[in-house]
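Inspection log for the structure reproduced underneath, given as structure tokens.
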Amino acid sequence: VRASDALTVEAAAPADAGSPLEAVFRARYGRLVGVARLLVDGHAEAEEIVQEAFARTFARGPDLRTPDEAAAYVQRVVVNLARDTVRRRVVARRLPEPVARNAPGADGGVLVDDDQRRVTAAVRALPRRQRECVVLRYLLECSTAETAATLAIAEGSVKSHLSRALAALGDTLEDPR
Amino acid sequence: MTPPLDERLERALAPHAAAAEPTDARWADIAARAQRMRRRDRSRRAVVVLAAAALVIGALALVRLDRGPGPDGTVTAGDPPATVDPKLLDLARASVELAAALADEARAALVAPSEVAAARAATDTAAAAWRRSADRRPARDEDARETDQVVVQRLASLMTNRVSQDQHASTPTRNAINLGYASQAVASVLGTRASEASSVGGARELADAGAITTMAVETPMLAAPAVTPPGPLPSPDPGGLTAGTSPPGILDRHRGLAGGLAPARRGAVQEVLSDRRLVDAATTRAADLTAGRDPSVPDDVVVALAAERQQRLIALALAALAEQPAAPSPLDPAAVHAVVRDETALRAARDGELWATLVGDGGPLAEARSRADAVLAAARRSRAAAGVDAAAVRRAEEVEATVDDIRRAHDAGSELPSASARRLAAVRDGEVQMLVAALDSGPVVDWRRTAGLVALGEYATCITHAAGLALRRVPGAPAPTGGVDVAELRALRQACADAINRFQEGSTPDLRARFRADGDDSYAMALIQRAVEDAPPAGDGRPWPEQVSRVRAGLDRLAGLVADIAG
């Protein structure tokens, strides 16, 4: 279900309470946290990213007049913040994270079976662009054009990244039997 | 029957959509945060309007130039500095100087408040110079454009950073960390341009090492060796084994600087990077903080050590950019090429021994050792025939002299396989310097092929090591879990990412295309990822031997690609 289908608020209200942005928040918050979590591999960071994205969009003022516009904008900010977070980790991840052994991972309690875990792990192992394309397509259900707009790349590039990603996933997830 | 991939993806990703609830409390928090942003924006708008205008103009100039036809797109790799695009060298110098200024501002923010104003002015001057250089020398590809934009954003965020600092709204440490990130972003500019001239590549390594130094000061844990504190070894390994040396902390990560620097200058670089004072001080602080004690090494001591190291690296980076072309190599090109080929084979053979140490039994291990010995004999003949850098030969032979001891300790069962593997990796890393020396001695230095070969080889070694460790955590492994430290796996995974990023940044399009076609690493990376997540079961459910053979098949293809590039 895309933002345009799920959201019915069309009022040209400012981006405050009852605004298109709040409608996007109600309809898309969980899904966007899921996107961020798959991109940055950490639930707390993912929530922080999505809240920051909404706050930035909120602070921007009333120029986002429809839910579609607001959703597209928030989506872009989420992806950009996630990229920024991953970039910062180039140094920070050299530090062994203070995660207790056997502590539940970022997906703790969410994924119910082994196949879901395998698929999620395989998606996380994809190169950044491919991972972004897969997550936007299969979790946010973005079209090729919407994915291209969010990632600021050409539609042809989206198709190419998706094709490579699916080939890699197909190989990784090949039935063991 | 397995459902179609589309369906599996949708089913696996769907639960992530319900990961968090859009509660009223969260919305209220977002609204409050947005109001704070608006207030902050209003208060600083008057202050930053001129700076913002300059940034916008700079950004527009970048976009305009990026969209226009670029200058001659040919690569100047291997040309001496005198013939490298002077605008590129100018941008590289400006980037190094800006990275240095940002680091100095971080130092002042931490320990010298009276110098903050001067440091900020110096940063502003360096930033303006960088913007001018970036305008004159626009990025030529998507990666470089993206990096430039990150720098522009980082520079803009500095304003917010300073306001927060002045209003005591954030700690000096946080400010310094932000400045460290900015410094690292600037160093990345050199990385994305490094494909075009070897001297720029060398400067990048040094500026990046300098930026990391700054970061390490703020978070001493980063600088400390990445190792889990000593404790009981996990069963079923027998007791009484040693865990071996620690994996390196980040300050050690640039000790293997490869390529881009004249051999004479590399000695000076090694001298800086071998200086243990900062590492020791940071390690002590990390230990103190971990134990909940007050740091026994004061802040100003650590910061002074970091500043000294940073300044020395920055000076070397600037010197690298001013390097004069080396005299033509007097060595026989065919003999040098033989060294490159044989050292590449030696690296692969060491990886094979390391792999067999981690996942093999007696037979494959003996075979891998025999192969490594045979390849080493051939490599030594090539080294002698070519007359490549005698000092590098000596260093390689020094580390090679430890191999017998490693093998004995492993065979006697007095050392964990993971510790033996770590020591073998150190041998291999010492030998790789021989490969770098040979590449330096070639008659034509093609930086992009050199960088590509070195980085892809490094990736192959990292992924081999990490996959070997990951397989030891898979249920059903003959010697499961023994001595495999998740922290080490994380460090190796990060090293894999660094190496492949370096390959993507520095190699030629044809090498990248060949990697895409032949470098099948997805199975191994998925395995490593699962092991890093440390959530049992670590494997993918297949029988252990099948997982081993699948990983091995991918690694063999990768090793074949590296050997093919080395020719």
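Throughout, protein chains are lettered first and strands after them, A, B, ... in sequence-line order, and every chain is numbered starting at 1. Because only heavy atoms are used, hydrogens play no part in the values below, and waters and symmetry mates are left out as well, while side chains stay in.
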Which atoms of B:D29 approach chain A - backbone, side chain, both or neither, heavy atom under 4.5 Å: side chain
Pair A:Q75-A:T150, side-chain donor/acceptor within less than 3.5 Å: yes
Pair A:E132 + A:R128: basic N to acidic O under 4.0 Å: yes
B:L5 portion near chain A, given a 4.5 angstrom heavy-atom threshold: side chain
Region of A:V50 that comes under 4.5 Å of a non-hydrogen atom in chain B: neither
Max heavy-atom pair count under 4.5 Å with chain B, selected residue of A:V35, A:V119, A:N80: A:V119
Check: A:A53 main-chain N/O paired with A:T57 side-chain donor or acceptor under 3.5 Å: yes
Salt bridge B:D6-A:R137, side-chain N to carboxylate O under 4.0 Å: no
Part of A:L166 lying under 4.5 Å from any heavy atom of chain B: both
No-hydrogen, no-angle side-chain donor-acceptor test under 3.5 Å, A:Y29 and A:Q51: yes
